[in-house]
Amino acid sequence: MPEPDDEVPGGGGEGLHPLGSSSDAEATRRLRPRPSLEPERDPQASASRSMASSSLGEGRLIGRSIEPRARGMALPVATWSLPFLAILGIAALIFLSSFWLDLITAALDDQPGEVTATGLVKSVLYQDLDQARNTLGGLGEVMAAVLGLALTVSSIIVQLAATRFTPHITSLFFRARTNLMVLGFFVTCNVYVLWVNFSVGDSYLPRWGVLFSMLLMTASLLLLFPYFAYVFDFLDPEKIVGRIMDDGLAAATPIRGRAAEAIEARQARAVEAVEHLANVGLNALQQKDKGIASDAVDALCDFGVRYGESKAAMRQDWHRIPRWNRQSPDFVSLSDDAIEDLRRRGTWLEWKIMRQYQMLFGEALGQIKDTCYLVAIDTRRLGEAAAHRGDHHALDLAIKFFNTYLRATINASDIRTAYNILHQYRQLAELVLVHEQDDEAAADQTRSLEHRALQIAKFMRYYSTIGYQRGLTFVTEVIAHDVGTICELAFRRGKRIHDRLLEVFLAVDERAETQEQEKTLRGVRRAQVKLATTYLMKGREDLARRIAKDMMDEPADRLTSIWNELRSLDTREFWEVNDRGSNFDYLTPEQKKQLGVFFGWFPALDEATEVQRTTATTLLPG
């Protein structure tokens, strides 16, 4: 990655890359396949569902595949059975070995009849009163110790995990079916042994009760190791995050029956899941645990994408914001009009998710900046998924929060983070720009998406001005290259908004207050020349001349220097590691052939001037 603080020109940017960058791939977390969902029965929602059914039916995500998770949520059966059978087998082998030695010893003592298999069976099945009391007395103590050990170890481990991640782990653990079954088995064994011990007397000898008590105690001891393995596996950070997400999605997806009418209870479960995922990420950031923080951020994205796929099938009441939710920190500061907009657009849960991203972004900006990049990646994915299913209001939220991230990075004078966020923001604009549907009736949606691509370019231009006013000239140059890339893509795809994008592109540096300030933006001029060569390659001299007209006031030595810099750069791949991968200023051989044509339009330059200045070296490696 180029050092932004040094404002190295040519600092890496490529064209449309639908699968994202290298760090994008590293951060990808796979989504589990969702079951087919039927709409909730709500007469008021039938109209809105019919309008959205075409969007829901497409069933794929832009830039992201839906694949099963590599690791299952449930502990494999072998993890329970293998330790159980192994310990049982070893104990049985030792017992049989001792019995065999007793047989040999009895034979050597000329008393072979004293030790026999029949005698062993009789001793087990037909105990006398003293034997039963001795056995049951020890069994009760051992069973109580097993139960106490299981509860103590699990409680300590769960409490430590709850302190590290989120208190929600405790409720998840004690609601888990496997945990309830194992602990319930331990308690049942204790109660049974207690009552068998109590029932032993001179008038009653529960022989089978004593035998069952021995078997239950054996099973309890054999279950200890698999149970502890289950506890540790349950508290695996990735699985904790997955369970929280699944619990929230179960409430935020369409269901049928009486449970579908408990709207506020389901909303509360969904909100709690989102907040707990954010808490896991926040605690991980504070503890400098990048892996867990990434899992939490990705889980919020997975939650938002999968919720969005089925949102149109939800009851209309789902989109209301109840009073208890209105008083939460993410909604309490909003005006009544803003709350009404969220309700009408059906984006209150997306707002909730994005607000958690905003909180995590602000925390990561001073802790682990890689998490800021991941937040931007996942915000882009949420926007892409919204664009694909035709949910333009959710797409607008993604755009709004991208602007919020840029404002925060510029306020913090964090050039490197702004550089990476702009990379994701540009990719969102590119996808929105080229996304098309085969249905002719979707022409209005296509125009709406193109308009949003234009809005993103305008927002970028606005933040280039803010960054320049704060002395972050490199941010302005990065934005110029990114807007130029969007403009080039619109030109190649023949989009109607190309001319308006070109106007935005040529206005990136128009807010420079003095001529000296404008001259410092060499990167902006290089981006303009690069786009002009593309126009000339495609025979659009009129568009290239519009760019030349914008550059006419540039001094000859500066134009010549830019000419030489662009002509001398022969390496497409950037010479440092970064997310963009390519040099900003790299021109193909076909584009370089157009440099002479373009610079020939400037009266202050001619071919002789260019030749005389070929000895002027550039700082860029070529």
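Values below: all heavy atoms of this structure, side chains included; hydrogens, waters and symmetry mates excluded. Since the model is a prediction, treat every value here as computed from it, not as a measurement.
- With a 4.5 Å cut-off on side-chain heavy atoms, Thr409 and Val475 do not count as touching.
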- request: Determine, step by step, whether Glu384 and His388 satisfy the side chain to side chain donor-acceptor pair (under 3.5 Å) criterion, reporting the C-alpha distance in whole Å, the side-chain angles of both residues, the deciding distance to 0.1 Å, and the verdict.
  value: CA-CA 6 Å; Glu384 289 174 353; His388 176 73; over 6 Å; no

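- Rounding to the nearest 0.5 angstrom, the gap separating the CD atom in Gln424 from the CZ atom in Arg380 is 4.5 Å.
- Within the 3.5 Å criterion, the main-chain N or O of Arg416 finds a donor-acceptor partner in the side chain of Asn420.
- Ring pair Tyr357/Phe401: centre-to-centre distance not below 6.0 Å.
- Leu472 is not listed as a side-chain neighbour of Tyr468, based on a closest heavy-atom distance of 4.5 Å or more.
- A salt bridge links Arg522 with Glu565; the closest basic N to acidic carboxylate O contact falls under 4.0 Å.
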message: Assess the residue pair Asn411 and Arg470 against the criterion (side-chain contact (heavy atoms from CB on, under 4.5 Å)); give the C-alpha distance rounded to whole Å, side-chain angles, the decisive distance to 0.1 Å, and a yes or no.
response: CA-CA 8 Å; Asn411 287 343; Arg470 290 180 171 270; 3.3 Å; yes

message: Lys530 vs Leu566, test: side-chain contact (heavy atoms from CB on, under 4.5 Å). Steps then yes/no.
response: CA-CA 8 Å; Lys530 182 178 180 179; Leu566 294 173; 5.6 Å; no

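- Taking CD1 of Ile456 as the reference point, atom CD1 of Ile486 lies at 7.0 Å (rounded to 0.5 Å).
- Note: Phe505 and His481 fail the aromatic proximity criterion, with ring centroids not under 6.0 Å apart.
- Taken to the nearest 0.5 Å, the CZ atom of Arg452 stands 13.5 Å off from the CG atom of Leu433.
- A parallel orientation is assigned to the rings of Trp563 and Phe599, their planes being inclined by less than 30° (bins at 30° and 60°).
- Using a 4.5 Å heavy-atom cutoff, the side chains of Cys487 and Tyr535 are in contact.
- When all heavy atoms of Leu360 and Leu285 are compared, the closest pair comes out as O-CD1, 3.7 Å.
- Atom CG of residue Leu406 and atom OH of residue Tyr425 lie 7.0 Å apart, to the nearest 0.5 angstrom.
- Remark: Thr560 OG1 to Glu554 CD distance equals 11.0 Å, nearest 0.5 Å.
- Remark: Arg343 is not positioned above the aromatic ring of Trp348, lacking an NZ or CZ atom under 6.0 angstrom from the ring centre and at most 45 degrees off the axis.
- Under the 3.5 Å distance criterion, with hydrogens and angles disregarded, a donor-acceptor pair is assigned to the side chains of Asp330 and Gln356.
- Under the side chain to side chain contact (heavy atoms under 4.5 Å, CB included) test applied with Leu595, the options Leu587, Ile562, Leu536 reduce to a single match, Leu587.
- Applying the side chain to side chain donor-acceptor pair (under 3.5 Å) rule to Glu350 yields the partners Lys311; only residues at least two apart in sequence or on another chain are considered.
- A distance-only check finds a donor-acceptor pair linking the side chain of Thr379 to the backbone of Val375 [under 3.5 Å].
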- request: Kindly indicate, with the supporting measurements, whether the criterion side-chain contact (heavy atoms from CB on, under 4.5 Å) is fulfilled by Lys400 and Met354.
  value: CA-CA 10 Å; Lys400 178 178 292 188; Met354 295 285 192; over 6 Å; no

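- Thr534 and Arg540 share no side-chain donor-acceptor pair at under 3.5 Å.
- With a 4.5 Å cut-off on side-chain heavy atoms, Leu501 and Phe491 do not count as touching.
- Annotation: side chain of Val483 is not in contact with side chain of Arg461 (no heavy-atom distance under 4.5 Å).
- Under 4.0 Å is where a charged nitrogen must lie from a carboxylate oxygen, and between Arg496 and Glu450 at least one such pair does.
- Listed for the Gln469 side chain is no donor-acceptor partner under 3.5 Å among the backbone atoms of Ile466.
- Using modelled atom types and a 3.5 Å distance limit, the side chains of Ser448 and His392 yield a donor-acceptor pair.
- Counting only heavy atoms from C-beta outward, the side chains of Gln455 and Lys458 approach each other to under 4.5 Å.
- Atom CZ of Arg320 sits in a sparse spot, with 12 or fewer heavy atoms from other residues, nucleotides or ligands closer than 6.0 Å.
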- prompt: Given the rule in the salt bridge (charged side-chain N to carboxylate O under 4.0 Å, His left out) test, do Glu340 and Arg344 qualify, once you have shown the distances and angles that lead to the verdict?
  reply: CA-CA 6 Å; Glu340 176 60 22; Arg344 179 171 48 83; 5.1 Å; no

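- Below 30°, between 30° and 60°, or above 60°: for Tyr405 and Phe402 the angle between ring planes is above 60°, a perpendicular geometry.
- Atom CD1 in Ile368 sits 8.0 Å away from atom OG in Ser294 (nearest 0.5 Å).
- The minimum heavy-atom distance between Ala480 and Val524, with the atom names listed, is CB-CG2, 3.8 Å.
- The shortest heavy-atom contact between Gly383 and Ala398 is CA-CB, 3.8 Å.
- By the 4.5 Å heavy-atom criterion applied to side chains, Arg493 and Leu489 are counted as neighbours.
- Here the side chains of Leu300 and Asp378 are not in contact, with every heavy-atom distance at 4.5 Å or above.
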Worked verdict on Gln528 versus Phe598 for side-chain contact (heavy atoms from CB on, under 4.5 Å): CA-CA 11 Å; Gln528 292 175 340; Phe598 178 79; over 6 Å; no

task: Show your reasoning for whether salt bridge (charged side-chain N to carboxylate O under 4.0 Å, His left out) applies to Asp585 and Arg567.
output: CA-CA 9 Å; Asp585 300 329; Arg567 186 168 56 90; over 6 Å; no

